[in-house]
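Just so it is clear, the model here is predicted, and its values are computed rather than measured. Protein chains get the first letters and strands the later ones, always in sequence-line order, with residue 1 at the start of each.
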Protein chains: 2
Amino acid sequence: MKFEAVTIKDIARELGLSTSTVSRALRDSYEISAETKKTVLECAKKLNYRPNPIALSLKEKRSRSIAVLVCEIANSFFSQVINGIESIAYNKGYNVIISQSHESFQREVNDLQFLASRSIDGLIISVSSETENMEHLKKLFYKGLPIVFFDRVSEEMDTHLVMVDNFNSAYKATSHLIENGYKTIACLTNSAHLSITKERIAGYKKAIEDSGVQVNEDLIKYCNHGGVHADETEKAMNELINLEKRPDAIIGLSDKLTTGALRFLQKQGITIPKEMGLIGFSNGEFTEFLNPSLSIIRQPAFEMGQSAIELLLEVIESKRPIKEFTRKVLETELIVRNSTLRNH
Amino acid sequence: MKFEAVTIKDIARELGLSTSTVSRALRDSYEISAETKKTVLECAKKLNYRPNPIALSLKEKRSRSIAVLVCEIANSFFSQVINGIESIAYNKGYNVIISQSHESFQREVNDLQFLASRSIDGLIISVSSETENMEHLKKLFYKGLPIVFFDRVSEEMDTHLVMVDNFNSAYKATSHLIENGYKTIACLTNSAHLSITKERIAGYKKAIEDSGVQVNEDLIKYCNHGGVHADETEKAMNELINLEKRPDAIIGLSDKLTTGALRFLQKQGITIPKEMGLIGFSNGEFTEFLNPSLSIIRQPAFEMGQSAIELLLEVIESKRPIKEFTRKVLETELIVRNSTLRNH
DNA sequence: TTATTTTACGCAATCGTTCCCGAGAACGAG
DNA sequence: CTCGTTCTCGGGAACGATTGCGTAAAATAA
């Protein structure tokens, strides 16, 4: 059952040296003779010696592992982000530890406490849709845990942020609907307090206003659990289609909501894009092949993951405390397809 | 930068006790007076003491973290499996460390060496499509690392396996095509040496034979990288449609291949299900809404992950070496939709 | 009162590694 | 021949926690 690992002591015993000498020889210290180094290195190779990372962690007070906390792994956007994170972490010799909040604040707090007690060197997080209070994160942050936020960020701490231009993305998508003749544009969104919600809603509203129409708050439906439960989206959609003035287009402000809306419309037999236009944020792989093909706002998820881990490692590996924090804003891509082209 | 953690020494100093007393008090040892226990517990709470898991790992020679090695995270099947793994690992106090092979044997070997040197307690793996030789895994296994295989398994080691009934799944899917009038059924599959390939191909062939037709090997296209590169699938598909006797149905024996085939057919303007029927293994979220809706074989990915971690933890936490290994075979679900219904 | 047991705690080793010191040997300079 | 360097290497503490063993004081028994 035990992984009988070769230690530095084994080498020392084998060669009749002290552990300090072996340790130094392996680290190529100047105070060890070339000859001794050679024999130690050979012996280490022979015995297939691997330094024990746990012992190192104990000494160096770093574990070379970073935690990623997202609401859900099985979501294209997040798994693509994790992919980006892992791609760089791996090359730098870091482990990536994954945790999911399932959009629950309590779970997020628990996860975090657990992760923190596991001595991680840093954290990359997109908060849950229930998370309004940031005390749990602040506590860790001010204790010295490097944190990088992405997607759903908090500006309450002075740290790196990675996100997309949410305002502009929503603005573009809404404008696109308007340009294509849609008049009453409803909006399915996440909890009101999330950064992405605020920014995206602002973009949506601005586009409506810029078209000379007044914003109707009834057309904005907040799904406080981001659509993890299908009934949440269904309820919101039901309210929308039963409005005295039924909207003729929907914009989904996050992945799950967009596809939730699609699912609902299909079930109800409401034709897209004729009776209802549909566009939304999505990083799903097959939006192109959906029926109808879905117009989307695609986020550069992989790049977001890469940026996040790069910024995090910069903090972790910097000798002196970092004072300048970057707020990285990436561009999204508006991909127009059939679900918003009523006149074709 | 440092996470100034409270140690047992701080408590000892604060209370004028020895570290052993504090340690024992925290572990509720019988040889500590109730009074001392109380003060220690209070002090620990006051200082917000958390045991250092690294120090514990060093003593106990276990890290309470398990590694998961898959070819790709950003793949619905695998992210669902990881979801299942994480759901149970979390409750048992284990960390999940993720790594990706990207279908590369070399990368798999590297990942594994890296993970092993990070003192993991166990490994859950689905090998890369390039992996034929299992020596790298055997080496770790015989050194005492508990391993559970899932999906793409190897029977060369005496350990737990988690998979689906691949033979039967392919048989059912192929039979379904036959029943729906398809005569020339081609097959897009992964590397020939993978367990899933062998079993699924066997099921496919058996179904063909049972229908009284002779198997034509030209109709079986092996994609040695599982379709991670789009051109691989395209090449295979091109060969298939240029066959003197063009097939009238395709069965994709893995997620990426199924959707790759769909993508190809759409691009070529070959209508589904009329000119070409299409069915395949897929755990994608939106196969239902594809155009046309896709008939699929769905694997119980979440449950597979749960089974895998349960079996792994059983091995890890067992006192005595386990001799009996289970070979868990789960059932798949055949979901018939429009892509295989020519006559509707 | 004395002997014996129980209670309640401290000392020190241990896990694998690093690193500060100290120290012997060799060597050249004077 | 002696002194100061330089080159090599070993001893031992430290990281944070657990644990076997030893022991003083208190409690009990004789």
Answer with base, sugar-phosphate or nothing: what part of the nucleic acid does [X] contact at a heavy-atom distance below 4.0 Å?
X     : answer
A:Y49 : sugar-phosphate
B:S20 : base
B:L56 : sugar-phosphate
B:I54 : nothing
A:R50 : sugar-phosphate
A:S33 : sugar-phosphate

Taking [atom1] from [X] and [atom2] from [N], how many angstroms apart are they, rounded to a whole number?
X     : N      : atom1 : atom2 : result
B:D10 : D:dC15 : CG    : C1'   : 13 Å
B:Y30 : D:dT19 : OH    : P     : 12 Å
A:K9  : D:dG11 : NZ    : C1'   : 14 Å
B:E31 : D:dA25 : CD    : C1'   : 16 Å

Donor-acceptor pair, side chain of [X] and main chain of [Y], under 3.5 angstrom:
X      : Y      : result
B:R64  : B:S57  : no
B:H160 : B:F325 : no
B:H193 : B:S129 : yes

Would you please confirm or rule out a distance under 4.0 Å between OP1 or OP2 of [N] and any side-chain N or O of [X]?
X     : N      : answer
A:S18 : D:dG10 : yes
A:K37 : D:dT8  : no
A:T36 : D:dT8  : no
A:K61 : D:dG16 : yes

| task | Could you list where the contact with chain A starts and ends along DNA chain C, reading 5' to 3', using a 4.0 Å heavy-atom cut-off? | result | C:dC15 to C:dC21
| said: Which is more 5' along DNA chain C, the nucleotide nearest A:L26 or the one nearest B:I32? Just name the residue. | reply: B:I32
| field | Side chain of B:I8 (C-beta onward), nearest among D:dT8, D:dG10, D:dT18 | value | D:dT18
| said: Side chain of A:T19, heavy atoms from C-beta onward: which of D:dG12, D:dT8, D:dC15 has the nearest atom to it? | reply: D:dG12
| note | Contacts of A:T21 and B:R24 projected onto DNA chain D by closest heavy atom; the upstream (5') one is A:T21
| request: Indicate yes or no: does A:R327 engage A:E155 in a salt bridge with an N to O separation below 4.0 Å. | output: yes
[X], [atom1] atom: more than 12 neighbouring heavy atoms under 6.0 Å:
X      : atom1 : value
A:K37  : NZ    : yes
A:E35  : CD    : no
A:K138 : NZ    : yes

| remark: ring pair (Phe, Tyr, Trp, His ring centres under 6.0 Å) filter on B:H136, not counting sequence neighbours, yields B:F105
